[in-house]
Student: 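Before I ask anything, let me first share the structure, which is written out below as C-alpha cells.
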Amino acid sequence: MKQFLLHTALLGVLLTNSCGTTSKAPAKQEVTEEKPQNPANLIVPGADQLASYLPLLKGKKVGIMGNQTSVVGPENEHLLDVLLREKVDLRFGFAPEHGFRGNIERGEKVSNDVDAKTGLPLFTLYGGNEKQDSIVKSVDVMLFDLQDVGARFYTYITSLHRVMELCAKHNKELIVLDRPNPCGDQVDGPVRKDDKFKSNVSYHKIAMVHGLTVGELAKMINGEKWLEDGKQCKLTVVPVQNWDHGKMYELPVIPSPSLPNHLSVRLYASLCLFEGTEISVGRGTDWPFQVVGYNNPVYGDFTYTPGEKAGMVKHVEGKGEQLYGLDLRELDADKQQFTLKYILHFYNKMPDKSKFFTRAEFFDKLAGTDQLRKQIIAGKSEDEIRKSWAPELKAYKEMRKKYLIYPDFK
C-alpha cells in the first residue's frame, strides 16, 4: 500500500510548534525520539518535524547537505526555503552527485556555485573539494537531508560518510533528518569486504541492498568506527514517524534524473549492474530502469530507441540504435526484490560473451567484489551464486540489527 506525506493541517501544527576531532572518549550518539503527532498514521519524514529540530539550530551557524529531495510538507517545499523563512542562520550548502537542485547528470562534475533562488553559497563533496575543511569549520552544526534508495552504489550514502568525516574531524554536530528507505523491506546481495573494490559506488562494507535508512547507516558508520582513525561524530537522528521496514514508501520527489518513479526505484538495485556493460537500462527514454536492451534481436521482442532526455544526455548506451530486450514497465513495483535474473538473462543470450563485461573494473566496484563477475562467466546459476555470499550476508544482517531505529520487515 503506497504511503503519502503529510496533509496541510499536520504541517500547520508542526510549523506552529516550531519556533572535528573528537575527544578520546567516543562521542555519544543521540537519537531524537519524537512521539507521533499524526493520528492518520501517515508517514512523516524527519524534515517535516520542524518542532523537533528547529530548536537545535537556534542561535547557531548552520550548513546543509541537501538536494531536490530535501522537501517539507504536502507542497514539497524545499527545506532550504523553509529554513530561511524560519530565520535559520544558513551559511552554505553541500551538493551531492546530481547537484543541489538535482539537475546534474550521472557522473558529471558538480562545481562550486550559488543557489540561483536564494543566493546561498554551494559547494561540492562529490569529486573532492580542497576547501571542505574550512567550510565545515565555519559552522556550528551540519544538517543532512538526502533521500537514499537503498542500494550500496547510490552515491548519496557516500556523501553522508564524507559529511560525517568532516564533522568528526572538526568536532561539529551532525543532524540527520531521516527518510524512509523505499527498498528497506529487503537485505540482499554480496557484502563488500575487500577495500580493493572501495569506490564512490561501493564505499561501505555493507550488503548491495543494505536495508538501512540514512539515519541507521549513520549510526552504523559511527558504531563500527568506519570514520578515519576510528573517530565518531556527534550524531542526532530525527527519525521518521509511522514507518517500519515492512512498509512501502513511494518517493514524493524523484531522487535523480534516471529514477523517475516508484518502479524504477524498486528495480534499480537489480538493473544497475548493467552499468558495467554496454547494455542499455533505458537512459535516453521515458522509462529509465524499467526497460533493458541491446542491439541484437536475440535479447527479446520488445524494441526501443534511446535518444536524449533531460538529465540523460551524455551517458546514453545505444543512443540512436534500435535495441531489443525486456519491457518491465507493467511489473508491480511493490513486489520487486533484488534479483540476478536480468543480468544472467542477457549474459546467457549474448552470442560473444567475451564482449559482455566491457567495463569489468566498474562492474566489480558496483558488485563490491570480482567474484560475481567470475561466477557469471563460469555459468553459475542465481541459486549457486546466492549460496556463495550467504555467510557474509548473514553476518551483515546480525550487525545491522544493532543499528535499526525502526521495526524490521519479517
Student: Establish, from distance only, whether the side-chain atoms of Thr236 and Glu173 form a donor-acceptor pair under 3.5 Å.
Tutor: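 Yes, a side-chain donor-acceptor pair sits under 3.5 Å.
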Student: Does a salt bridge link Asp383 with Lys387, judged by any charged N lying under 4.0 Å from a carboxylate O?
Tutor: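 Result for this pair is yes, salt bridge flagged.
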Student: Check the pair Tyr406, Asn181 against side-chain hydrogen bond (donor to acceptor under 3.5 Å, both in side chains), reporting the backbone distance first and the verdict last.
Tutor: CA-CA 11 Å; Tyr406 313 98; Asn181 178 347; over 6 Å; no
Student: Kindly indicate whether the side chain of Ile175, heavy atoms from C-beta on, has any atom under 4.5 Å from the side chain of Leu57.
Tutor: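 Ile175 reaches Leu57 side chain to side chain.
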Student: Going by heavy atoms in the side chains, are His262 and Asp334 under 4.5 Å from each other?
Tutor: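 The answer is yes, as the side chains (C-beta and beyond) meet within the 4.5 Å cut-off.
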Student: Can you name the residues that form a salt bridge (charged side-chain N to carboxylate O under 4.0 Å, His left out) with Asp370, not counting sequence neighbours?
Tutor: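 Asp370: salt bridge (charged side-chain N to carboxylate O under 4.0 Å, His left out) contacts with Lys374.
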Student: Using the salt bridge (charged side-chain N to carboxylate O under 4.0 Å, His left out) rule, collect all pairs that involve residues 200-214, keeping only residues at least two apart or in two chains.
Tutor: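 Sorted result for residues 200-214: Asp195-Lys205.
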Student: Looking only at atom types and distance, does a side-chain atom of Arg91 sit under 3.5 Å from a main-chain N or O of Val62, one as donor and one as acceptor?
Tutor: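 Such a contact is absent between Arg91 side chain and Val62 backbone.
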Student: Got Leu372 and Ile385 here, is their nearest side-chain heavy-atom distance under 4.5 Å?
Tutor: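 The answer is yes, as the side chains (C-beta and beyond) meet within the 4.5 Å cut-off.
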Student: Do Tyr347 and Leu340 have side chains that get closer than 4.5 Å, going by heavy atoms?
Tutor: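 Side chain of Tyr347 against side chain of Leu340, heavy atoms only: no contact under 4.5 Å found.
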Student: Do Leu331 and Leu328 come close enough that some side-chain heavy atom pair is under 4.5 Å?
Tutor: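 A side-chain contact exists here, since the closest heavy-atom pair is under 4.5 Å.
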Student: Between Trp226 and Gly230, is there a donor-acceptor pair closer than 3.5 Å when you use the side chain of the first and the backbone of the second?
Tutor: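 Here the side-chain-to-backbone pair does not exist.
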Student: Backbone N or O of Val139 within a donor-acceptor pair of the Lys172 side chain at under 3.5 Å?
Tutor: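 Side chain of Lys172 to backbone of Val139: a pair is present.
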Student: I'd like to check Leu366 versus Ser202 (side-chain heavy atoms, cut-off strictly below 4.5 Å). Are they in contact?
Tutor: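 A side-chain contact under 4.5 Å is absent here.
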Student: Please test Glu224 against Tyr403 for side-chain contact (heavy atoms from CB on, under 4.5 Å), starting from the C-alpha separation and ending with a verdict.
Tutor: CA-CA 10 Å; Glu224 297 300 313; Tyr403 303 107; 2.5 Å; yes
Student: In terms of ring plane angle, is the pair Phe346 and Tyr299 parallel, tilted or perpendicular, where the classes change at 30° and 60°?
Tutor: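 Parallel: the ring planes of Phe346 and Tyr299 meet at under 30°.
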Student: Spell out, as yes or no, whether a donor-acceptor pair under 3.5 Å connects the side chain of Asp178 to the backbone of Gly46.
Tutor: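 A pair under 3.5 Å: no.
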Student: Quick one: list whatever passes side-chain contact (heavy atoms from CB on, under 4.5 Å) with Ser270, sequence neighbours left out.
Tutor: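 Here the qualifying residues are Phe338, Thr339, Tyr342.
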Student: Is Arg179 salt-bridged to Asp148, going by a charged N under 4.0 Å from an acidic O?
Tutor: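 A salt bridge is absent here (no side-chain N lies under 4.0 Å from a carboxylate O).
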Student: Check the pair Leu227, Asn222 against side-chain contact (heavy atoms from CB on, under 4.5 Å), reporting the backbone distance first and the verdict last.
Tutor: CA-CA 7 Å; Leu227 299 180; Asn222 251 1; 3.9 Å; yes
Student: Is it true that Glu321 and Thr305 share a donor-acceptor pair across their side chains at a distance under 3.5 Å?
Tutor: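 No pair is found: no donor N or O on one side chain lies under 3.5 Å from an acceptor on the other.
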Student: With a 4.0 Å cut-off, would you call Glu250 and Arg266 a salt bridge?
Tutor: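 Arg266 and Glu250: not salt-bridged.
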Student: Report yes if the side chains of Phe363 and Ile376 come closer than 4.5 Å at any heavy-atom pair, otherwise no.
Tutor: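 Yes, side chains in contact.
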Student: Report the residue from Lys402, His245, Arg400 that forms a side-chain hydrogen bond (donor to acceptor under 3.5 Å, both in side chains) with Glu216.
Tutor: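 Looking at Lys402, His245, Arg400, the match for Glu216 under the side-chain hydrogen bond (donor to acceptor under 3.5 Å, both in side chains) is His245.
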Student: Go through the structure and list residues passing salt bridge (charged side-chain N to carboxylate O under 4.0 Å, His left out) with Lys196, not counting sequence neighbours.
Tutor: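 None.
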Student: Could you check Phe362 against Ser199 for side-chain contact (heavy atoms from CB on, under 4.5 Å), going step by step and ending with a plain yes or no?
Tutor: CA-CA 9 Å; Phe362 188 59; Ser199 72; 5.9 Å; no
Student: For Asp352, which residues count as a side-chain contact (heavy atoms from CB on, under 4.5 Å) partner, sequence neighbours excluded?
Tutor: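 Expected list: Ser354, Lys355.
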Student: List in chain and number order the residues that pass side-chain contact (heavy atoms from CB on, under 4.5 Å) with Tyr304, two or more places apart in sequence or in another chain; answer none if no residue qualifies.
Tutor: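 By the side-chain contact (heavy atoms from CB on, under 4.5 Å) rule, Tyr304 matches Ser280, Thr285, Trp287, Val291, Phe302, Pro306, Leu323.
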Student: Sub-3.5 Å donor-acceptor pair from the side chain of Asn242 to the main-chain atoms of Leu42, do we have one?
Tutor: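 Yes: the side chain of Asn242 pairs with the backbone of Leu42.
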Student: CD1 of Ile157 to CG of Asn200: how many Å apart, nearest 0.5 Å?
Tutor: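 Result: 11.0 Å between the selected atoms.
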Student: For Arg152 and Ala367, indicate whether the former's side chain and the latter's backbone hold a donor-acceptor pair under 3.5 Å.
Tutor: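 It does hold such a pair.
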Student: Flag the pair Tyr268 / Phe153 as yes when their ring centroid distance falls below 6.0 Å, and as no otherwise.
Tutor: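 Yes, the ring of Tyr268 comes within the 6.0 Å limit of the ring of Phe153, centre to centre.
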Student: Can you see whether Gln147 engages Asn67 through a side-chain donor-acceptor pair at a distance of less than 3.5 angstrom?
Tutor: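 No donor-acceptor contact under 3.5 Å links the two side chains.
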Student: Can you list the residues that meet the side-chain hydrogen bond (donor to acceptor under 3.5 Å, both in side chains) rule with Gln336, with sequence neighbours excluded?
Tutor: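 side-chain hydrogen bond (donor to acceptor under 3.5 Å, both in side chains) check on Gln336 returns nothing, list empty.
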Student: With side-chain contact (heavy atoms from CB on, under 4.5 Å) as the criterion, how do Leu79 and Val71 come out once you've worked through the C-alpha distance, each side chain's angles and the decisive distance to 0.1 Å?
Tutor: CA-CA 5 Å; Leu79 176 63; Val71 294; over 6 Å; no
Student: Checking Asp327 now: which residues fulfil side-chain hydrogen bond (donor to acceptor under 3.5 Å, both in side chains) with it, not counting sequence neighbours?
Tutor: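 Counting only residues at least two positions away or on another chain, Asp327 forms a side-chain hydrogen bond (donor to acceptor under 3.5 Å, both in side chains) with Arg329.
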Student: Under 3.5 Å, is there a donor on one side chain and an acceptor on the other for Glu278 and Asn295?
Tutor: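 No.
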Student: May I ask you to say whether Glu382 pairs ionically with Lys341, meaning some side-chain N is under 4.0 Å from a carboxylate O?
Tutor: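 Salt bridge flag = no for Lys341 with Glu382.
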Student: Is it true that a side-chain atom of Asp229 and a backbone atom of Lys231 form a donor plus acceptor pair closer than 3.5 Å?
Tutor: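 A pair under 3.5 Å: no.
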Student: Under 4.0 Å between a side-chain nitrogen and a carboxylate oxygen: does that hold for Glu317 and Arg359?
Tutor: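 The answer is yes: the pair qualifies as a salt bridge.
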Student: Under the rule for ring pair (Phe, Tyr, Trp, His ring centres under 6.0 Å), what residues qualify as partners of Phe197, not counting sequence neighbours?
Tutor: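 Partners of Phe197 under the ring pair (Phe, Tyr, Trp, His ring centres under 6.0 Å) test: none.
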Student: Between Lys319 and Gly284 (side chain of the first, backbone of the second, donor and acceptor by atom type, cut-off under 3.5 Å), is there such a pair?
Tutor: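 It does not hold such a pair.
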Student: Tell me, which pairs form a salt bridge (charged side-chain N to carboxylate O under 4.0 Å, His left out) where one or both residues lie in residues 388-399, sequence neighbours left out?
Tutor: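 Salt bridge (charged side-chain N to carboxylate O under 4.0 Å, His left out) check on residues 388-399 returns Lys193-Glu392, Glu398-Lys401.
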Student: Suppose we screen for salt bridge (charged side-chain N to carboxylate O under 4.0 Å, His left out). Which residues come up paired with Glu384, at least two apart in sequence or across chains?
Tutor: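 Not a single residue meets the salt bridge (charged side-chain N to carboxylate O under 4.0 Å, His left out) criterion with Glu384.
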Student: For the side chain of Gln49 and the backbone of Pro239, is there at least one donor-acceptor N/O pair under 3.5 Å apart?
Tutor: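 Checked: pair present.
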Student: Asp194: which residues meet the salt bridge (charged side-chain N to carboxylate O under 4.0 Å, His left out) condition with it, sequence neighbours left out?
Tutor: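 Counting only residues at least two positions away or on another chain, Asp194 forms no salt bridge (charged side-chain N to carboxylate O under 4.0 Å, His left out).
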Student: What's the shortest heavy-atom distance between Leu259 and Ile254, and which atoms?
Tutor: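 Smallest interatomic distance, heavy atoms only, reads O-CB, 3.4 Å.
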